[in-house]
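Reading through the structure tokens given below for one structure.
Within every chain, numbering begins at 1; the chains are lettered A, B, ... in the order of the sequence lines, protein sequences first and strands thereafter. Keep in mind that this is a model prediction, so the values were computed, not measured.
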Protein chains: 2
Amino acid sequence: MHCASEFALNFMKAPKRRSQCPISSSLEVWGDKWSLLIVRDLMFNKRFTYGDFLKSEEKISTNILAARLLMLEKNDLIEKLEHPDSKAKVLYQLTQKGIDLIPVIVEINLWAEKYFQLTEEKKFLIKEIKLNKEKFISNSINSLLKD
Amino acid sequence: MHCASEFALNFMKAPKRRSQCPISSSLEVWGDKWSLLIVRDLMFNKRFTYGDFLKSEEKISTNILAARLLMLEKNDLIEKLEHPDSKAKVLYQLTQKGIDLIPVIVEINLWAEKYFQLTEEKKFLIKEIKLNKEKFISNSINSLLKD
DNA sequence: GTATTTTACTTGCAAAATGCAAGTGTAAAT
DNA sequence: ATTTACACTTGCATTTTGCAAGTAAAATAC
């Protein structure tokens with residue numbers, strides 16, 4: 001990439017961070033009630049399309065979903081691909097940056113297991129995590145890469 | 001506690017969860033742009049009072065801070081104590097449930113380190129984490145308990 | 001003892017984000 | 001050729017946020 005345009009791009013991208021704190025900066029990207037649910041669906045629930053995300057139990061509304069997908073894409077957590085089945089569909093996929101959120105999602109699961117009542121399905125997932133956390137993470141990464 | 005009132009209390013408390021998903025349930029408690037910053041301050045920045053939280057770099061506004069403190073307290077992540085120095089002050093402290101968020105906060109730090117430019121101070125903290133994650137977590141827990 | 005300052009909030013209001021229902025445009029299926 | 005599927009967009013009411021100012025109790029200064 002050309003230097004000037006790269007600079008311009010980086011310059012334009014900068015969305016005036018509140019601080020240079022890792023927690024604060026992270027929250028500015030995915031610190032809302034919906035973004036991590038999309039990430040969760042892409043990570044563990046085999047949901048890859050706009051329609052898939054709408055089917056999730058939490059019932060995100062269509063405009064919020066569109067806004068979040070754009071936000072996550074702009075921040076390089078997800079990318080849009082052609083769907084192999086149809087040109088009418090859009091395939092969303094986690095980028096490396098998105099995949100790297102697996103350890104965060106894993107720890108949230110472990111925390112929540114201690115303090116919330118969960119479905120048997122979720123409890124089973126967390127049982128797998130507790131059996132061997134590192135293995136669970138590397139398996140998850142592999143399952144996302146080899147698609 | 002009496003059975004009927006315990007039931008009533010539990011019943012009243014239940015804030016209609018969107019789903020029984022660990023991620024969704026967690027986000028309903030602390031999935032906003034501010035809550036984890038308060039937790040961070042209590043955890044690592046030696047900030048324990050309302051005034052302390054206001055001093056943080058991200059500049060939370062007073063009404064939002066009050067609302068978040070109430071929310072975190074209602075959800076048992078923090079508790080209010082008498083301040084040893086003065087009756088005018090309130091000492092906020094993480095509960096066990098709040099302390100249990102350390103691994104989540106740690107993983108957010110590690111993720112952010114990979115994708116954001118951080119201050120030297122924060123980079124130092126993350127270097128400590130990477131040196132020995134388990135040790136860092138147990139040290140952090142101990143430092144919060146023995147106060 | 002009185003006045004000022006500190007501390008932890010609350011209140012009012014404008015601006016932004018959210019939630020719901022309906023609509024649009026392109027591609028696929030019938 | 002018509003209907004359905006899919007990925008959005010739009011309009012509008014409600015809720016949440018952000019900013020500025022205010023309040024009340026406790027501590028400090030004089």
Legend entry - Test: A:Lys55 and A:Asp52 ion pair at under 4.0 Å: yes
Inset, instruction - Give one of base, sugar-phosphate or nothing for A:Asp32, where a contact means two heavy atoms less than 4.0 Å apart. - result: nothing
Inset, instruction - For A:Leu91 and D:dC8, give me the distance from atom CG to atom P, rounded to whole Å. - result: 12 Å
Inset, instruction - Tell me, please, whether A:Phe136 has A:Lys127 positioned over its six-membered ring: NZ or CZ under 6.0 Å from the ring centre and within 45 degrees of its axis? - result: no
Legend entry - Whole angstrom value for the distance that separates C1' of D:dC8 from NZ of A:Lys55: 15 Å
Legend entry - Interatomic distance, A:Asp52 CG vs D:dC8 P [rounded to whole Å]: 12 Å
Inset, instruction - Answer with base, sugar-phosphate or nothing: what part of the nucleic acid does A:Phe53 contact at a heavy-atom distance below 4.0 Å? - result: nothing
Legend entry - Of the listed nucleotides C:dT10, C:dA8, C:dT18, the one nearest the side chain of B:Thr49: C:dA8
Inset, instruction - Indicate whether OP1 or OP2 belonging to C:dC9 is found under 4.0 Å from a side-chain N or O atom of B:Tyr92. - result: yes
Inset, instruction - Test the A:Arg40-A:Trp30 pair against the cation-pi criterion, namely NZ or CZ under 6.0 angstrom from the six-membered ring centroid and within 45° of the ring axis. - result: no
Legend entry - N/O (side chain, A:Trp34) to phosphate O (OP1/OP2, C:dT18) under 4.0 Å: no
Inset, instruction - Rounded off to whole Å, could you give me the CD1-to-P distance for the A:Ile64 and C:dA16 pair? - result: 16 Å
Legend entry - Within-4.5 Å side-chain heavy-atom neighbours: A:Arg18 and A:Leu27: yes
Legend entry - Side-chain donor/acceptor contact of A:Thr62 with base of D:dT9 under 3.5 Å: yes
Legend entry - Value in whole Å for how far the P atom of D:dA24 lies from OH of B:Tyr50: 16 Å
Legend entry - Centroid separation A:Phe44 to A:Phe124 less than 6.0 Å: no
Inset, instruction - Quickly work out the A:Arg47 CZ to D:dC6 P distance and round it to whole Å. - result: 15 Å
Inset, instruction - Mind calculating the distance between CZ (B:Phe48) and C1' (C:dA8) to the nearest angstrom? - result: 18 Å
Inset, instruction - Strictly below 4.0 Å, heavy-atom distances to any atom of DNA chain C: list the hits from residues 79-90 of chain A, or just say none. - result: A:Ser86, A:Lys87, A:Ala88
Legend entry - For atom CG of A:Asn63 and atom C1' of C:dT18, their distance in whole Å: 7 Å
Inset, instruction - Assess whether atom CD of A:Gln117 is packed by more than 12 heavy atoms of other residues, nucleotides or ligands within 6.0 Å. - result: no
Legend entry - Basic-acidic side-chain contact under 4.0 Å: B:Glu28, B:Arg17: no
